[in-house]
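The structure appears below as structure tokens.
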Amino acid sequence: MTDPHGFLRFPRRPVPARPVQERLSDWNEVYAGQARLPLVSEQAGRCMDCGIPFCHSGCPLGNLIPEWNTYAGREDWRAAAERLHATNNFPEFTGRLCPAPCEDACVLAINADPVTIKNVEQAIADQIWERGYAPPRPPERLSGKTVAVVGSGPAGLAAAQQLTRIGHTVAVYERADRIGGLLRYGIPEFKMEKRHLDRRIEQMRAEGTGFRTGVDIGNDLGAAELAERNDAVVIAVGARGQRELPVPGRELQGIHQAMDYLTLANRVTEGDCEAPAVTAEGKQVVIIGGGDTGSDCMGTALRQGAASVVQLDINPEPGGDRPEGEPWPVYPKVYRISHAHEEARGRAGTDPRVFASATLRFEGDRTGRVHSLRLAEVEPQARRVRPGTERGIPADLVLLALGFYGPEHGTGLMQQLGLTLDSRGNFARNACFRAETAEPSARAARPGADGIFIAGDAGRGQSLVVWAIAEGRSAAAATDRYLTGSTVLPAPIAPHDRPLAA
């Protein structure tokens, strides 16, 4: 514990983001260039080093938060880096992208403001690279076993790095033209600059992990053939099945899935083209869906020069305090403002979100393009439309950010490996992350069928980046145990673990 009275002496002070007008003029991270270290060291000193650190339970990775808070408070960045890397392969990702359920589980949050854990984590992660504390860690010897990892999002990358470092020969297969999954094309540059991802991939290459891009397993390369060629296969394809909105007018031009829109925008920042095929420039944009993907679309649209942006959320507006049914240390549904909401509110002067609203239909012009939509208020619990509340709003560009139903169904990968679905529409697996096949006889008939493991959102469903990395680490431990009979790799979660709930 750095300062026994730190939580009494210092109020919570998060690292400030750049001014709204400044960050809307570029695609750099919202915190780019902001001074962190003196403020972070002071804030880390607010940590009470609790006897039972509930922040550990708030994070599925089991991050050793009080320990690296202590080292950050003393500005011992090497020790802080070691403790942070002990549980997290990619803290530079989580420090930027995770909504920090650990902060809501902080003991200080019972009756005060929690420690700025996310800021401390990001500061340590940046110091890791600036001070050279993340050299490649190739294995001392090889096991002679080969593993194919299908998918290069955070779960696939975490599994691949763990398995490579333990001595297995690992190849990661990605159907896109670059490694990274949604980290690459789903996350806007202003939330995480891709140099952080590229740097980590180069580290993994130096450790011995191989990467194969532009390979769609099940089409370009048979999934059964891949299983036969390797001693084990880890399926980490994510939950890429996008939910639809089946209302009249959906076929009109100008209505797009959010992830397609974000991918096109990210390809511009990657340098693939000068302008995206779908742009918000000069348009009245409506985003349907109140989650993080919708917020990412909002920040992207504002940077593209949208005339206006509105975000529709079917859920009622949450209050500022914890609901009675969501006591500490549960991650509560409270009113939150993302950086994109702050940016839109700064332009319009009001919150850009319309809560408790449902889209009834889209209306188009003579050319078949959307020009407006009709919406209505909904009752909070039953989600029934309230009579007499229907109204129209203009919309030149509509983005559907309704979430994901799970991994894509009916693919060659799924059919060729005989994968089944669980009750939630995800790939079914047992308590050891091993895939469940449609026919038990398939294991005997197809070599390698026993060594198929499911990691990340493909088996869990749409979740947070910390859960994806925890899944990858745990699936790697299960894979190593299958290959060698035992393992020293950590397994922070089980397949059916869920976040803290009341």
Would you give me the side-chain donor-acceptor pairs under 3.5 Å for residues 56-66, sequence neighbours excluded?
{"unit_1": "H56", "atom_1": "NE2", "unit_2": "N63", "atom_2": "O", "d": "3.3"}
{"unit_1": "N63", "atom_1": "OD1", "unit_2": "T87", "atom_2": "OG1", "d": "2.5"}

Answer with yes or no whether the side chains of [Y] and [X] bring together a donor and an acceptor at under 3.5 Å.
X    : Y    : value
E121 : T94  : yes
N88  : R473 : no
N89  : Q161 : yes
Y335 : D351 : yes
Y482 : R434 : no

Within 6.0 angstrom of [X] [atom1], more than 12 heavy atoms from elsewhere:
X    : atom1 : result
E140 : CD    : no
R205 : CZ    : yes
R322 : CZ    : yes
N315 : CG    : yes

For this session: Mind running side-chain contact (heavy atoms from CB on, under 4.5 Å) on V310 and I287 for me, showing each step along the way?
Result: CA-CA 6 Å; V310 175; I287 301 164; over 6 Å; no
Looking at [Y], is its backbone amide N or carbonyl O close enough to the side chain of [X] to form a donor-acceptor pair, meaning the two atoms are under 3.5 Å apart?
X    : Y    : answer
N28  : A32  : no
R460 : A239 : no
E207 : T164 : no
H409 : G425 : yes
E317 : F355 : no
S474 : I493 : yes
T213 : I179 : no
T420 : T437 : no
D231 : T146 : yes
T411 : M414 : yes

Any Lys/Arg nitrogen of [X] or [Y] sitting under 4.0 Å from an Asp/Glu carboxylate oxygen of the other?
X    : Y    : answer
D26  : R18  : yes
E408 : R175 : yes
K194 : E189 : yes
D126 : R96  : yes
R12  : E103 : yes
R199 : E92  : no
E342 : R23  : yes
E174 : R212 : no

Exercise. Who passes side chain to side chain contact (heavy atoms under 4.5 Å, CB included) against S143, sequence neighbours left out?
Worked result: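 S143 satisfies side chain to side chain contact (heavy atoms under 4.5 Å, CB included) with K145, H168 only.
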Exercise. Nearest heavy-atom pair of V107 and I52: which atoms, and what distance?
Worked result: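 Nearest pair, atom of V107 first, then I52: CG2-O, 4.2 Å.
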Problem set entry | Candidate pair R36 and Y31, rule side-chain hydrogen bond (donor to acceptor under 3.5 Å, both in side chains), full reasoning | CA-CA 9 Å; R36 285 193 184 92; Y31 292 107; over 6 Å; no
For this session: May I ask you to check if R303 and F190 form a cation-pi contact, with NZ or CZ under 6.0 angstrom from the six-membered ring centre and within 45° of the axis?
Result: yes
Exercise. Can you check side-chain contact (heavy atoms from CB on, under 4.5 Å) on W68 and E82, steps first, answer last?
Worked result: CA-CA 8 Å; W68 42 259; E82 188 276 328; over 6 Å; no
